[in-house]
Chemist: 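Sharing a structure below in structure tokens format, with a few things to ask.
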Amino acid sequence: MILLEATQPVSDWLLFFGRFHPLVVHLPIGFIFAVVTLELLKLYDKISVNQEVTKVMLLISAISAAFSCLIGYFLSLEGGYNEEMLTEHRNQGIVLAILSTLAWIMKINWFAKKLSKFNVLYYPLLLVMLFVLFITGHHGGNLTHGESYLTENTPQPFRGWFGIPDKQVTTTSETPKIADINNAIVFNDIIKPIIKSKCENCHNPSKMKGDLRMDNFELLMKGGEHGKIVEIGKSAESELIKRILLPESNDDHMPPKGKNQISEDELSLLQWWIDNGATSDKKVSELIADDKIKTILNKYSSSNVSSVASSNTIKQDKFEIEEKIISNKIEPINEKIKTEITKAGGLILPFSHQSNYVEISFVNKSGLTDAEFSELSKNKLSQVLWLRLSNTKISDASSSQFSNYSNLTRLYLENTSITDKTIDAIAQLQNLEYLNIVNTQISDNGLKKIASMKSLKKLYVWQTKVSEKELADLSATLPNLKIEKGISEAEIANFLNAKPSQVSDDVYGKKVVESDKKVKK
Amino acid sequence: MKNIFQKIDKSSLENIHDQMSRRTFLGLTSLGLGASALASLLPSSAAANPLNSLIDQIPNIAPKAKRVIYLLQSGAPSQLDLFDYKPMLEKMWGQDLPESVRKGQRLTGMTAGQSRFPLAASYFKFAQYGQSRMWLSNILPFHQKIVDELCFIRSVHTEAINHDPAVTFIQTGSQQGGRPSMGSWVSWGLGSDNKNLPSFVVLLSKARGGDQPLYAKLWGNGFLPSTHQGVVFRSGSDPVFYLNNPQGMSAESRRKMLDYLSKLQSDQFKQVLDPEINNRMLQYEMAYRMQTSVPETLDIKSEPDYIFKMYGEESKKAGTFAANCLLARKLAEKGVKFIQLYHQGWDQHGNLVPDIQIMTKSVDQPSAALILDLKQRGMLDDTLVVWGGEFGRGAYSQGKLSKDNYGRDHHPKCYTIWMAGAGVKKSFVFGETDDFGYNIVKDPVHIHDLQATILHLLGVNHEMLTYKFQGRRYRLTDIAGNVVKPILA
């Protein structure tokens with residue numbers, strides 16, 4: 001018999017009858033077992049059996065075995081079975097049917113008389129039949145339930161003896177406990193256990209319903225007979241989810257009616273996994289999880305408190321260039337120059353003992369003039385990383401001086417009279433990561449020039465003349481730049497609309513008044 | 001007096017005269033005597049303390065924060081009603097606190113006599129906000145707006161169970177008084193940027209009368225030189241007591257008086273060699289400079305109206321937390337290194353529900369406004385802001401538990417504080433408590449750890465900022481403290 005691929009739609013009748021194979025198959029099993037038992041007992045003179053009885057039983061075995069083969073063929077048309085295993089089982093079934101027929105023939109009076117020399121083969125034949133029965137039945141069971149079905153729950157120490165790998169812990173009733181929920185791999189630790197317990201019984205290497213295997217990530221994503229079951233990023237359009245959402249009475253609903261169903265939590269997790277890219281390697285912390293998912297995930301966490309960390313997309317501030325430069329070696333500022341700066345009212349603040357880089361602050365010299373600043377800047381101080389000129393009398397006249405501070409990472413120019421003209425000079429500072437121009441005359445023209453500052457990480461433009469549009473453009477050009485434009489008078493209203501709730505939610509909805517008696521000691 | 005003059009011989013007189021003329025010369029610079037006086041009179045850290053590594057007041061490592069604004073909530077805010085959402089308390093409302101949770105934790109005398117310890121869930125509704133999904137109650141609407149700037153630590157713990165030892169502990173590192181406060185350590189270790197303002201300023205406010213008192217030892221200098229004590233600023237026309245010249249005394253007269261006073265004092269120093277004499281002189285000089293700098297700094301008349309709106313209506317009223325927050329910002333702008341605010345009134349042993357709302361109303365908006373204000377001025381990158389009390393409050397009700405009111409007793413085992421700004425992670429939640437909000441289950445942070453972290457952010461290794469006194473080396477973190485690395489950006 002050639003096994004036909006189910007390339008054309010199979011008649012429903014065939015499929016209907018095919019489903020009876022697991023039922024019908026128990027007839028030859030029962031009867032063959034019975035015959036063997038009876039014949040054995042008769043052989044050892046324990047009982048006496050009428051040969052007519054044995055003959056009838058063998059006939060029934062043969063017929064039912066043959067019938068099972070036919071029905072089995074119908075079942076195979078459904079598809080979704082491992083080809084190799086199916087062929088073996090089929091062949092074994094056929095052999096069994098033939099052997100049963102032979103056994104029956106041997107009991108016919110005509111045969112017994114005419115070919116009496118073969119009678120001695122009768123008992124060996126029964127034994128062979130039994131053996132074939134075992135093999136056929138076992139393979140049939142594998143086709144239905146999977147190869148590891150029998151040995152799955154073998155207790156120790158037998159597991160070790162037979163080299164059976166340790167039992168997979170997941171059962172359908174409890175969720176697997178994960179110690180470090182945030183570092184758990186979403187697919188391996190959360191999704192796969194769901195699939196394993198609810199889907200893999202029918203979608204595994206031995207049994208591939210709908211030509212779909214779900215035991216392997218690639219094959220899961222590949223899909224089966226009807227194509228892909230996972231649409232990356234779109235859980236609503238994924239067949240996997242669609243089928244779970246179908247009413248249980250619907251034929252296409254998965255898992256099939258009567259089998260363990262997918263719980264609501266598991267469904268949410270599957271949807272969450274698909275919507276976030278259906279990846280095989282991303283960790284829990286790398287996916288964005290809302291409250292609902294967090295609550296579900298927390299049930300997986302073995303720590304007894306909510307601990308799922310958010311996949312925060314907030315980028316922490318890191319002044320990387322500054323950190324790198326500070327760790328470099330450089331000569332200290334000349335003592336004479338130091339005195340000069342201090343005398344002029346500047347404060348020299350070394351960053352640390354291990355570093356000769358400094359901050360220079362004029363917080364004590366609000367009267368600092370362009371002339372004084374120029375005088376000091378002549379020294380070309382590459383040790384200066386932070387320069388605080390806020391609230392001084394510095395103006396555009398000093399703009400050419402900034403190039404003397406080649407390593408500058410932070411520049412404070414708030415509340416000074418600089419204009420767009422100075423931005424040209426500032427834009428030359430390759431290492432600048434922080435620029436504060438709050439309350440200056442900077443406008444859109446100046447802002448445009450900042451677009452070339454690739455290293456800039458923080459820009460403060462509150463109370464300047466820059467426009468929203470220009471800020472948006474700059475943001476687009478320099479995606480790593482955080483621009484802080486501050487609260488405008490108009491936006492204050494928005495800030496102020498925060499109101500505490502006057503009424504409690506009465507979250508526990510109790511009307512009980514509990515009183516406490518103080519016990520006087 | 002007479003004796004001193006008699007002991008002076010001619011050469012001494014000449015010396016004094018020399019000093020005088022030097023002083024007069026230097027007095028011509030805009031800094032006045034300040035800089036030179038400091039330089040010549042301040043006992044250098046190296047000389048006074050050869051084992052202190054902060055020589056010349058330079059940090060150990062590059063600091064992230066250049067100044068600290070500490071918003072200390074005195075009385076202990078109830079974290080269970082503000083920051084730590086515990087649905088288990090709702091589930092078990094009214095039931096006794098299980099012994100398995102309490103584990104024999106000592107109770108204060110105020111609740112030890114109770115026959116029952118009924119669990120009190122927060123009356124207020126909680127929800128999660130921001131990228132960090134931090135739980136905040138609905139009485140902190142302004143915190144909800146700035147939650148992404150904040151780094152919450154929910155697992156702070158202390159040993160102290162009552163206010164005085166606890167505030168002393170968090171300020172000085174020991175439950176017994178007498179040690180320098182955090183601000184003093186910072187002032188001594190790192191010095192100050194602004195020569196015309198003290199490096200350690202204290203601002204006090206209270207929302208409810210009759211709450212836990214505060215003492216000057218909390219911002220005292222302990223055994224450190226007295227120039228490092230916290231200077232209390234009051235907002236209003238007279239920010240510092242006795243700072244201004246009395247009527248009829250001109251600035252010139254004051255200057256002459258100070259000059260002569262310094263002459264006398266340096267004289268005495270030579271005889272007695274008590275460094276406190278010089279410290280006293282330094283403080284006089286500082287006061288002199290403050291006569292001009294303080295009114296200028298604290299002048300809020302020039303603030304635009306919408307800034308006042310941002311901090312809240314109370315910010316126009318001197319002595320409120322809102323007004324102090326605004327001042328704190330102004331002081332930070334001027335480079336004051338350690339600005340300590342205290343806000344009293346959080347001690348809700350009873351009547352928590354209405355009382356805590358009085359507190360949050362006075363604190364929520366100004367705290368948020370301060371963060372936003374610092375941020376828009378570009379100051380949040382190098383200013384560290386800390387907000388929190390001295391311990392937490394407990395899960396069971398003190399006194400009668402009704403559905404709309406209850407009280408909470410002290411709870412040192414866990415509570416929440418937040419930090420923001422220089423060097424700490426934004427939008428971050430660290431540490432966890434158990435389902436009852438009673439014990440810490442993850443990442444405990446002891447007071448000493450907190451102090452070590454604050455010092456670390458200022459560039460100071462807390463184990464190396466030490467002062468030898470009475471035979472042993474003291475430090476802010478006493479003999480403990482680990483920097484909490486996971487919250488560092």
Side-chain angles (χ1 to χ4, degrees), chain A residues 291 294 303-307 309-310 312-314 316-318 323 326 342 345 347 349-355 357 361 363-365 367 412 414 434 436 438 458 460 462 484-487 489 492 495-496 498-501 504-508 510-521, chain B residues 30-31 53 58-63 90 93-94 113-116 118 121 123-125 128 131-133 138-142 144-145 148 193-196 306 309-310 334-335 357 360-361 372 375-378 381 397 399-404 425-428 432-435 441-442 459 489:
Chain A
D291 290 357
K294 288 266 188 67
S303 82
N304 59 355
V305 178
S306 314
S307 61
S310 67
N312 221 312
T313 55
I314 296 262
Q316 301 294 342
D317 292 335
K318 262 217 168 284
E323 284 176 20
I326 286 185
T342 321
L347 198 59
L349 300 165
F351 283 110
S352 80
H353 280 297
Q354 288 91 0
S355 173
Y357 288 98
S361 168
V363 69
N364 293 311
K365 183 81 184 275
Y412 295 81
E414 65 266 33
Y434 170 105
N436 191 332
V438 164
K458 304 213 94 175
Y460 293 92
W462 186 50
E484 179 54 44
K485 55 186 176 70
I487 282 197
E489 209 167 326
I492 288 284
F495 176 71
L496 293 176
K499 283 265 172 291
S501 170
S504 159
D505 209 38
D506 196 10
V507 289
Y508 39 82
K510 287 189 173 38
K511 311 284 178 217
V512 176
V513 173
E514 192 73 34
S515 69
D516 167 77
K517 299 181 281 288
K518 273 210 165 81
V519 173
K520 294 281 178 208
K521 285 212 171 129
Chain B
S30 58
L31 284 176
S53 70
I58 298 172
N60 299 114
I61 59 165
E90 287 166 26
W93 188 88
Q114 284 186 186
S115 61
R116 289 207 54 215
Y123 178 79
F124 307 103
K125 184 180 174 187
Q128 288 183 290
Q131 293 262 5
S132 56
R133 312 312 293 148
N138 63 3
I139 51 171
L140 290 175
F142 287 96
Q144 294 162 12
K145 296 202 176 228
D148 278 332
D193 291 356
N194 192 320
K195 300 304 177 202
N196 298 330
Y306 69 93
K309 280 220 193 92
M310 190 166 82
K334 292 282 181 183
Q357 291 184 69
T360 51
K361 211 151 168 277
L372 287 178
K375 186 171 167 197
Q376 65 189 359
R377 290 167 205 268
D381 289 297
S397 172
K400 179 166 145 175
L401 168 64
S402 69
K403 75 167 169 68
D404 53 13
K425 286 196 170 128
K426 286 199 223 292
S427 186
F428 192 68
E432 277 167 40
T433 51
D434 65 11
D435 290 337
V441 291
K442 200 164 158 231

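Here is how names work: the chains are called A, B, and so on, in the same order as the sequence lines, proteins then strands, and each is numbered from 1.
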Chemist: At a heavy-atom separation under 4.5 Å, does A:Tyr357 approach chain B through its side chain, its backbone, both, or neither?
Modeler: neither

Chemist: Quick one: what part of A:Phe351 sits under 4.5 Å from any heavy atom of chain B, side chain, backbone, both or neither?
Modeler: both

Chemist: Under 4.5 Å, counting heavy-atom pairs only, tell me which of A:Glu323, A:Lys318, A:Gln354, A:Lys458 racks up the most with chain B.
Modeler: A:Lys458

Chemist: Between A:Phe495 and B:Lys145, is there a side-chain heavy-atom distance shorter than 4.5 Å?
Modeler: yes

Chemist: Under 4.5 Å heavy-atom distance to chain B, tell me which part of A:Leu496 shows up: side chain, backbone, both or neither.
Modeler: both

Chemist: Looking only at heavy atoms, what is the nearest atom pair of A:Ile487 and B:Met310, with distance?
Modeler: CD1-SD, 3.9 Å

Chemist: State whether the side chain of A:Tyr434 and the backbone N or O of B:Asp381 hold a donor-acceptor pair below 3.5 Å, judged by distance alone.
Modeler: no

Chemist: Quick check on A:Asn436 against chain B: is it the side chain, the backbone, both or neither that has a heavy atom closer than 4.5 Å?
Modeler: side chain

Chemist: Which atoms form the tightest heavy-atom contact between B:Gln376 and A:Glu484, and what is the distance?
Modeler: CA-CG, 3.9 Å

Chemist: Any donor and acceptor pair, going by atom type alone, linking the side chain of A:Asn364 with main-chain N or O of B:Asp193 inside 3.5 Å?
Modeler: yes

Chemist: Check whether A:Ile326 gets within reach of chain B through its side chain, its backbone, both or neither, counting any heavy atom under 4.5 Å.
Modeler: side chain

Chemist: Are the charged groups of A:Glu414 and B:Arg377 less than 4.0 angstrom apart, N to O?
Modeler: no

Chemist: Identify the two heavy atoms, one from A:Pro350 and one from B:Ile58, that lie closest to each other, and give their separation to 0.1 Å.
Modeler: CG-CD1, 3.6 Å

Chemist: According to salt bridge (charged side-chain N to carboxylate O under 4.0 Å, His left out), who are the partners of B:Lys361, at least two apart in sequence or on a separate chain?
Modeler: none

Chemist: Between A:Gln316 (side chain) and B:Lys426 (backbone), is there a donor-acceptor pair under 3.5 Å?
Modeler: yes

Chemist: Of the backbone (N, CA, C, O) and the side chain (C-beta and beyond), which part of A:Lys485 lies under 4.5 Å from a heavy atom of chain B, both, or neither?
Modeler: neither

